[in-house]
> 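Supplied in structure tokens, the structure appears directly below.
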Amino acid sequence: MVYIKQLSEFEGKEVTLKGWVANRRDSKGLVFINLRDGSGLCQCVADENKITAGEFDQAGKLSLESAVEISGTVVKDERQIGGFEIQVTGLKTIQVAEEFPIAKKEHGIEFLMDQRHLWLRSQRQWAILRIRNTIIYSIHNFFQKEGFMQMDAPIFTGNACEGTSNLFETDFYGDPAYLSQSGQLYGEAMAMAFGKIYTFGPTFRAEKSKTRRHLSEFWMIEPEMAFYDIHQNMDLIENFLQYVIKEVLDKCQAELKLIDRDTSVLESSLNKFPRLTYDEAVAIIKGEKDVNGQNSIKSLEVELAEVEAKMIAIIAEINDRETKIAVPGMKKGEINFNQTKIANLKNDLKDLEESQRNIPQWIESAKNFRYGNDLGGSDETVITRLFDVPVMVYDWPHEVKAFYLKRNPENPRFARGVDVLAPEGYGEIVGGGERETNEQLLRDKIIEHDLPMADFEWYLDLRKYGSVPHAGFGLGLERLVTWLCKLKHVRESIPFPRMYGRLLP
RNA sequence: UCCUUGAUAGCUCAGCUGGUUAGAGCGAGUGACUGUUAAUCACUAGGUCCCUGGUUCGAGCCCAGGUCAGGGAGCCA
């Protein structure tokens, strides 16, 4: 058995492929089968004269997604996707599929999510999840080559890392237990034992968020390094992200092309990441400070004008095409083509209308940003649009950040946290920082945040026995996948997304 | 939780100011066509207009409440 990916090694030879029918067309005496086997796609041509009548009959009856075993000769054909096609010499039906729900046309997102188990078979999903796999693999490669040890934090936790409001509560032999929202505190314990560690596991947040950035269950990578300060932490984040981006660029060209990803921003992200303090970031958001000659507020206003110009152009095109269709005498195929075009244009128009509604809100929120607050989603969007590389923002007002972050010794108003904001409006993909080493300061913070002290005694022990400067960060895998693939929504970045209102399939 | 948009055939949608028997395309089925890349031609089947109540001679359309979904805010990775 041969996989489609290997066909170039078998030119002129006879091979047997096993897979599913991705598409089928027939003419008199010929059946074209687009075979999908998980490794790729390949057209197989069944000619009436080259196979038995029984086989040809079977070929004609193959429905979409039927399973089939095909033998044939590998022929070079530039017109084909993979550059090769199969001249069929033998065909065996494994199963004839019932009518496949996902048709070869546009579908709404709710329908596709209901069909997620089948949607995974489509080319676009295939490419995205292949890229996800490359990302996962290169994350492990990076940390392993850097001497990190992979360790797992527990998923059931008795203590709430940052308050219980957004945790999933479960029953643990009669006691309440929460699904982990971060392995970080455990990561610190493991770093004190092994030096440099990273966790890679699922995380759960019970936020009733309905935005393109949130999942209830997502995968997080959390490195933790003993003897690192915030600057070394930022160096590591930059090296790490650039390694992963480079691997994706090197190994996933075909997949990136399939999903139509313009890779220029990924390439420019191999340059140095700007490091802004919170103060600098706020000045940029409020439009008080320009970046590379660009002003945040002005660039949003320009974008709004562009959106409105595009809307006018699209409306004109829709009208134009509708008038054309209305004239009698147009061929049916051409009418269909135009109708599909119109439907697509209307969808584009809906997206633009969303932007038209959102951008003025973002401008308002940027102008009225109150110093001392955390950055909101739109603020992140505003700032990252001005750069073509990820941006790091560090030294935050300590009130808005987690209790375990270290204060800047030179200016204790600030906590030494760092957020990495992805370009192209994607926002936060990494959150991390240097950890507080002083036991008493931690106790004060725990009280300030109104957290149950008893649950943190084990954590505070780490400050009693060889407490050292240390730092780490958390990377949201799905957010990274979403950005690298330039997806509209995180739900496509994971095989089976779990989010508010979505538990099946 | 709040703001906003929506729910009509298997799918994507149209349905005007409330008016007779609810429409199209795609998909499916049948037939025609020797080279097609979702979108050649003809025919056929296919409907709880999200739910409950109300207004009206008459509701897919108006009103009230609910359910579900899209987008955004908050919160976050």
Side-chain angles (χ1 to χ4, degrees), chain A residues 22-34 41 43 45 47-49 63-64 77 79-81 85 98-115 122-123 162-163 165-166 181-182 184 203 205-216 218-222 322 325 331-344 346-347 350-351 353-355 357-359 361-362 364-365 373-381 400 402 419-422 426-432 473-480 482-483 488-491 500-502:
Chain A
N23 198 10
R24 180 180 62 89
R25 295 166 296 279
D26 45 17
S27 301
K28 187 166 191 176
L30 284 175
V31 176
F32 301 95
I33 298 162
N34 267 17
L41 274 176
Q43 174 165 278
V45 185
D47 187 329
E48 197 174 20
N49 303 318
S63 49
L64 224 56
D77 188 334
R79 292 171 295 183
Q80 301 310 322
I81 312 159
E85 73 173 22
E98 292 175 25
E99 184 184 334
F100 198 62
I102 301 177
K104 310 190 109 1
K105 59 168 297 196
E106 292 288 321
H107 291 284
I109 190 63
E110 192 185 355
F111 175 77
L112 288 171
M113 289 302 299
D114 285 341
Q115 306 294 332
S122 75
Q123 280 202 76
E162 294 160 41
S165 59
N166 51 4
Q181 63 171 343
S182 164
Q184 200 226 291
T203 341
R205 306 261 167 107
E207 291 155 0
K208 289 185 178 174
S209 297
K210 296 187 75 158
T211 79
R212 59 183 66 193
R213 294 195 297 281
H214 289 89
L215 292 170
S216 302
F218 62 98
W219 288 72
M220 193 147 69
I221 293 90
E222 293 181 285
E322 276 176 346
I325 293 178
K331 278 176 77 179
K332 200 173 171 188
E334 209 175 337
I335 292 175
N336 287 348
F337 176 83
N338 276 295
Q339 278 176 341
T340 312
K341 237 351 197 234
I342 290 169
N344 287 338
K346 283 187 177 170
N347 274 332
K350 271 186 193 164
D351 285 350
E353 279 167 1
E354 295 272 7
S355 304
R357 273 197 295 271
N358 290 334
I359 293 174
Q361 289 174 23
W362 295 353
E364 273 314 292
S365 133
N373 283 1
D374 204 349
L375 303 191
S378 70
D379 305 316
E380 292 175 355
T381 307
V400 301
D419 281 2
V420 179
L421 311 179
Y426 280 89
E428 188 173 356
I429 52 171
V430 167
F473 63 91
L475 166 81
L477 175 65
E478 286 74 19
R479 285 196 180 169
L480 181 62
T482 302
W483 169 49
K488 275 190 182 170
H489 198 296
V490 276
R491 65 188 151 213
Y500 183 57
R502 173 63 60 185

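Naming: A, B, ... by sequence-line order, numbering from 1 per chain.
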> Go nucleotide by nucleotide along RNA chain B from the 5' end; which of Asp77(A) and Val490(A) gets its closest nucleotide reached first?
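The residue mapped nearer the 5' terminus is Asp77(A).
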> Using a heavy-atom cut-off of under 4.0 Å over every strand shown, decide if Leu477(A) touches base, sugar-phosphate, or nothing.
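Contact class for Leu477(A): none.
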> Counting any heavy atom closer than 4.0 Å, what does Asn34(A) reach on the DNA or RNA strands: base, sugar-phosphate only, or nothing?
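If one applies the 4.0 Å heavy-atom cut-off, Asn34(A) turns out to touch nothing in the nucleic acid.
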> Test of understanding: with side-chain hydrogen bond (donor to acceptor under 3.5 Å, both in side chains), list the residues that count as partners of Asp114(A), not counting sequence neighbours.
Arg502(A)
> Measure distances between side-chain N and O atoms of His214(A) and base N and O atoms of C76(B), and say whether any donor-acceptor pair falls under 3.5 Å.
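Yes.
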> Please state whether the base of G35(B) and the side chain of Glu85(A) form at least one donor-acceptor pair under 3.5 Å?
yes
> In whole angstrom, give me the gap between the C1' atoms of A22(B) and C49(B).
8 Å
> Measuring from Tyr426(A):OH to Leu421(A):CG, what's the distance to the nearest 0.5 Å?
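Result: 14.5 Å between the selected atoms.
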> Would you give a per-nucleotide map of nucleotides 44-50 of chain B, 5' to 3', where B means the base has a protein non-hydrogen atom under 4.0 Å away, S means only the sugar-phosphate does, and - means neither?
-------
> Show me the dot-bracket string of RNA chain B, counting Watson-Crick or G-U pairs under 3.5 Å, with | for pairs to another strand and [ ] for crossing ones.
(((((((..((((.....[...)))).(((((.......))))).....(((((..]....))))))))))))....
> If you restrict it to nitrogen or oxygen atoms, what contacts under 3.5 Å exist between nucleotides 65-71 of chain B and the protein, and what is each distance?
| from | atom 1 | to | atom 2 | distance (Å) |
| --- | --- | --- | --- | --- |
| A69(B) | OP1 | Gly501(A) | O | 3.0 |
| G70(B) | OP2 | Lys210(A) | NZ | 3.3 |
| G71(B) | OP1 | Arg491(A) | NH2 | 2.9 |
| G71(B) | O4' | Glu354(A) | OE2 | 3.4 |
| G71(B) | O3' | Arg212(A) | NH2 | 3.2 |
| G71(B) | O2' | Glu354(A) | OE1 | 2.5 |

> If I pick the P atom on G54(B) and the same atom on A24(B), what distance separates them, to the nearest angstrom?
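The same atom, P, in both gives a distance of 34 Å.
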> Please report the distance separating the C1' of C50(B) from the corresponding atom of G60(B), rounded so that it comes out in whole Å.
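Between the two C1' atoms, the distance is 12 Å.
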> Can you check the distance between C26(B) and G46(B), where both ends of the measurement are the C1' atom (answer in whole Å)?
14 Å
> Over all strands shown, is Glu99(A) touching base, sugar-phosphate only, or nothing at heavy-atom distances under 4.0 angstrom?
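The answer is sugar-phosphate, as Glu99(A) gets under 4.0 Å only of primed atoms, P, OP1 or OP2.
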> Closest nucleotide of RNA chain B for Val45(A) versus for Gln361(A): which of these residues is on the 5' side?
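Here Val45(A) is the residue nearer the 5' end.
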> When only distance counts, do a donor and an acceptor, one from the side chain of Glu48(A) and one from the base of U34(B), lie under 3.5 Å apart?
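Looking at the base of U34(B), it does not pair with any donor or acceptor on the side chain of Glu48(A) (distance under 3.5 Å).
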> Using the rule for Phe, Tyr, His and the six-membered ring of Trp, do Phe218(A) and A77(B) stack at under 5.5 Å and under 30°?
yes
> Using side-chain hydrogen bond (donor to acceptor under 3.5 Å, both in side chains) as the criterion, list what pairs up with Asn23(A), not counting sequence neighbours.
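Residues passing side-chain hydrogen bond (donor to acceptor under 3.5 Å, both in side chains) with Asn23(A): none at all.
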> Which whole number of Å gives the distance between the C1' atom of C63(B) and that of C43(B)?
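Going atom to atom, C1' in each nucleotide, I get 45 Å.
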> Considering residues at least two apart in sequence or located in another chain, which fulfil the ring-ring contact (aromatic ring centres under 6.0 Å, His included) criterion with Phe111(A)?
His107(A)
> What distance separates Arg213(A) CZ from Arg491(A) CZ, expressed to the nearest 0.5 Å?
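Those atoms lie 13.5 Å apart.
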> Could you measure between the two P atoms, the one in U17(B) and the one in G6(B), and give it in whole Å?
15 Å
